[in-house]
Protein chains: 2
Amino acid sequence: MKQGLVENAGDKGSSSLSHSQQDYLKQIFLLDHAPRGATTQILADRIGVRPASVTGMLKKLAEEGLVERAPYRAVRLTESGRRIAVELVRHHRLLEVFLFRMLGYRWDEVHEEAEALEHVISERFEQRVAELLSHPERDPHGDPIPTSELALEEDRHLAPLARLARGSRGTICRVTLQDQDALNLVEKLGLLPGTEIEVADTHPDGVSLLVAGSRFLVPTLLALHLLVVIVPGPASPHPKPRGRDRTAGGR
Amino acid sequence: MKQGLVENAGDKGSSSLSHSQQDYLKQIFLLDHAPRGATTQILADRIGVRPASVTGMLKKLAEEGLVERAPYRAVRLTESGRRIAVELVRHHRLLEVFLFRMLGYRWDEVHEEAEALEHVISERFEQRVAELLSHPERDPHGDPIPTSELALEEDRHLAPLARLARGSRGTICRVTLQDQDALNLVEKLGLLPGTEIEVADTHPDGVSLLVAGSRFLVPTLLALHLLVVIVPGPASPHPKPRGRDRTAGGR
DNA sequence: ACAAAAAGTTAGCTGCTCCTAATCCCTCTC
DNA sequence: GAGAGGGATTAGGAGCAGCTAACTTTTTGT
């Protein structure tokens with residue numbers, strides 16, 4: 001009768017959901033722009049449970065009005081579900097900045113710890129950290145941080161490195177990878193957010209890049225996850241083929 | 001089969017216990033020096049569950065070798081149980097200092113937030129925070145912080161204010177209260193740890209105190225929870241009556 | 001010392017979230 | 001447009017941690 005829920009005394013919206021429920025909402029939110037939306041399968045992968053468990057939980061979330069669902073269809077958040085999800089995303093990304101800047105975490109270490117903390121911190125904690133960090137707008141991976149009013153500026157003008165034409169120049173803004181090894185590689189290549197790059201050449205299997213004078217190949221698999229602000233100039237990006245963007249939309 | 005435990009990838013000792021189990025161990029530890037030890041009833045109160053639930057959980061902890069138990073008797077920690085409990089106490093008190101010093105929490109606010117965070121932070125987080133704070137030895141309430149090797153210096157030489165004789169002088173070192181209102185009162189009276197005090201007089205219902213020139217009465221109920229380092233001098237504390245100390249040993 | 005009160009325990013349930021196995025239904029291909 | 005394959009769902013069950021109610025043991029007060 002009095003059971004397994006999160007204490008969560010006096011928070012504004014993030015009522016009394018279990019950590020588990022919160023996780024589902026967050027993952028659904030993050031998959032919103034994914035090509036096929038938030039499907040049972042993909043959710044199961046991301047959350048680390050079996051598809052059957054996802055179905056069960058989605059039913060419950062639907063009953064609570066946090067999610068809209070039709071059987072065998074991808075699920076979508078309602079407005080109240082979205083609010084909770086964005087709150088969590090804000091917690092997560094603020095915590096990443098905090099761990100990175102204040103506690104000296106490496107950028108490939110922040111995700112895991114933030115994952116655990118995001119469910120547990122209070123509104124007060126969130127606010128104090130935001131102040132301490134001067135209200136950062138992006139986390140160490142370049143992902144935008146929702147405001148305390150839960151407005152999330154969508155990234156327009158950002159193109160995956162893999163889509164740039166030869167001669168394009170720009171600045172790396174986001175790295176949408178979560179795997180630690182991949183992040184380490186990106187760092188070793190010197191491709192952290194903020195890095196200015198120029199596309200020396202494109203091949204079927206990758207992009208040849210000029211960074212600070214040196215030149216190397218970035219395989220397509222990586223280049224799809226490096227989102228770039230393009231500097232308007234002599235060359236322009238390839239006009240994109242029809243259809244929705246195929247990048248995975250991580251974190 | 002794969003269930004409700006804490007992820008806890010690569011921590012040293014604090015294996016894979018549920019938050020709940022960790023809570024039990026911590027409370028048992030904190031009650032170690034209490035007059036009647038860790039009884040079912042008191043544990044139930046502190047943890048916020050019914051006595052029947054405590055019995056059940058203690059059985060489980062006993063099976064896992066974290067606790068030694070005989071029915072109808074107070075429970076005690078084994079060495080491995082103690083290690084986990086002290087680890088948690090270290091987390092808790094470090095977090096209190098962090099919230100107080102870095103995030104500007106009031107001292108009556110730190111406990112609640114630390115309670116939630118202590119189960120969730122990693123060894124790395126613990127270590128980085130400890131460094132950031134220059135390895136503090138006490139939390140904002142004056143409670144000693146176990147070292148990273150889990151050694152906890154016991155407080156000797158500390159006497160409850162309520163036991164001091166007229167004319168005794170000393171410095172408030174610990175405030176073993178957790179109720180927010182009580183803590184606020186103590187702060188309003190200017191009795192934070194570090195405050196130098198002198199006992200002007202003693203009554204059956206309280207202690208008359210001299211602090212920074214002004215004089216006021218501290219009711220016994222409060223005075224029992226203000227632990228004082230006595231300055232050796234003209235007056236000495238009442239020789240204590242036989243029997244174990246009766247202070248509750250909070251937090 | 002013994003009865004009443006208090007504390008502790010047992011038995012039986014509930015809700016939560018996960019699981020496996022079996023079945024269902026959509027979609028895509030030929 | 002019919003089936004094959006794969007994703008989604010249902011059914012049934014497990015483990016955890018809590019609960020109430022009934023019972024047993026210890027403690028306490030006269």
Side-chain angles (χ1 to χ4, degrees), chain A residues 1-8 15-28 31 34-64 66-76 115-116 119 243, chain B residues 1-8 15-28 31 34-64 66-76 84 115-116 119 243-244:
Chain A
M1 189 161 267
K2 173 207 179 184
Q3 242 302 94
L5 303 183
V6 175
E7 310 86 273
N8 235 341
S15 45
S16 54
L17 299 170
S18 68
H19 292 186
S20 198
Q21 290 179 308
Q22 293 180 13
D23 259 336
Y24 280 88
L25 294 177
K26 189 182 73 162
Q27 292 303 337
I28 294 166
L31 286 167
R36 332 195 29 157
T39 64
T40 302
Q41 186 101 118
I42 300 180
L43 282 172
D45 280 358
R46 300 267 174 136
I47 295 168
V49 301
R50 296 304 184 143
S53 307
V54 173
T55 300
M57 181 60 93
L58 292 184
K59 275 183 167 176
K60 190 168 315 172
L61 292 172
E63 273 170 23
E64 297 178 26
L66 297 166
V67 127
E68 264 167 23
R69 197 183 98 88
Y72 299 99
R73 290 270 114 89
V75 69
R76 301 202 39 203
E115 200 69 25
H119 302 289
Chain B
M1 189 158 270
K2 172 208 179 183
Q3 245 299 95
L5 302 183
V6 175
E7 309 86 90
N8 233 342
S15 45
S16 54
L17 299 170
S18 68
H19 292 187
S20 199
Q21 291 179 305
Q22 293 180 13
D23 259 336
Y24 280 87
L25 294 176
K26 188 182 73 161
Q27 292 304 338
I28 295 166
L31 287 168
R36 332 195 30 159
T39 65
T40 302
Q41 186 99 121
I42 301 180
L43 283 172
D45 281 357
R46 302 266 174 135
I47 295 168
V49 300
R50 297 304 186 143
S53 308
V54 174
T55 301
M57 182 59 94
L58 293 185
K59 274 182 167 177
K60 191 168 315 173
L61 292 173
E63 273 171 23
E64 297 179 26
L66 298 165
V67 128
E68 265 167 23
R69 197 183 100 86
Y72 299 98
R73 292 268 111 91
V75 69
R76 303 200 40 203
I84 293 168
E115 200 69 22
H119 301 290
R244 304 185 104 261

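Within every chain, numbering begins at 1; the chains are lettered A, B, ... in the order of the sequence lines, protein sequences first and strands thereafter. Below, each value reflects all heavy atoms present in this structure, side chains not excepted, and no hydrogens, waters or symmetry copies. What you see is a predicted model; the values in this text were computed from it and never measured.
Closest of all the heavy-atom pairs between A/Pro51 and A/Gln41 is CG-NE2, 3.7 Å. The shortest non-hydrogen separation linking A/Glu115 to A/His119 is O-CD2, 3.4 Å. Among all heavy-atom pairs drawn from A/Ile42 and A/Gly37, the shortest one is CD1-O, 4.3 Å.
Between the CG atom of A/Leu61 and the C1' atom of C/dC16 there is a distance of 13 Å, rounded to whole Å. Spacing between atom CE of B/Met57 and atom C1' of D/dC19 amounts to 14 Å, rounded to whole angstrom units. Residue B/Gln41 contributes atom CD, which lies 9 Å from atom C1' of C/dG8 at whole-angstrom precision. Taking atom CG of residue B/Leu17 and atom C1' of nucleotide D/dG15, one finds them 15 Å apart after rounding to whole Å. Residue B/Leu58 contributes atom CG, which lies 14 Å from atom C1' of D/dG18 at whole-angstrom precision. Following rounding to the nearest Å, B/Leu43 (CG) and C/dA7 (P) show an atom-to-atom distance of 14 Å. The NE2-P distance, from B/His19 to D/dA17, rounds to 11 Å in whole Å. For the pair A/Glu63 CD and C/dC16 C1', the computed distance is 13 Å after rounding to whole Å.
OP1 or OP2 of C/dT10 lies within a sub-4.0 Å distance of a side-chain N or O belonging to B/Lys59. Taking only side-chain nitrogens and oxygens, B/Ser18 comes nearer than 4.0 Å to OP1 or OP2 of D/dA17. The phosphate of C/dT9 has OP1 or OP2 within less than 4.0 Å of a side-chain N or O from B/Thr40. Distances shorter than 4.0 Å separate none of the side-chain N or O atoms of A/Thr55 from OP1 or OP2 on D/dT10. Look at A/Ser20 and you'll find a side-chain N or O under 4.0 angstrom from OP1 or OP2 of C/dC18.
Proximity of A/Val75 to A/Val54: side-chain heavy atoms (C-beta onward) are nowhere separated by under 4.5 Å.
Along DNA chain D, the nucleotide nearest B/Ile47 and the nucleotide nearest B/Arg36 are compared for position; the residue whose nucleotide lies closer to the 5' end is B/Ile47.
Note: B/Gln21 CD to B/Leu58 CG = 11.0 Å, rounded to the nearest 0.5 Å. Distance check, rounded to the nearest 0.5 Å: CZ of A/Arg50 to CG of A/Asp45 gives 10.0 Å.
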Any chance you could list the contact pattern along nucleotides 20-26 of chain D? Use B for base contacts, S for sugar-phosphate-only contacts and - for none, protein heavy atoms under 4.0 Å, 5' to 3'. BB--BSS

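The side chain of A/Arg69 sits closest to D/dT9 out of C/dT9, C/dC19, D/dT9.
The environment of CZ in A/Arg69 is crowded: more than 12 heavy-atom neighbours from other residues, nucleotides or ligands sit within 6.0 Å.
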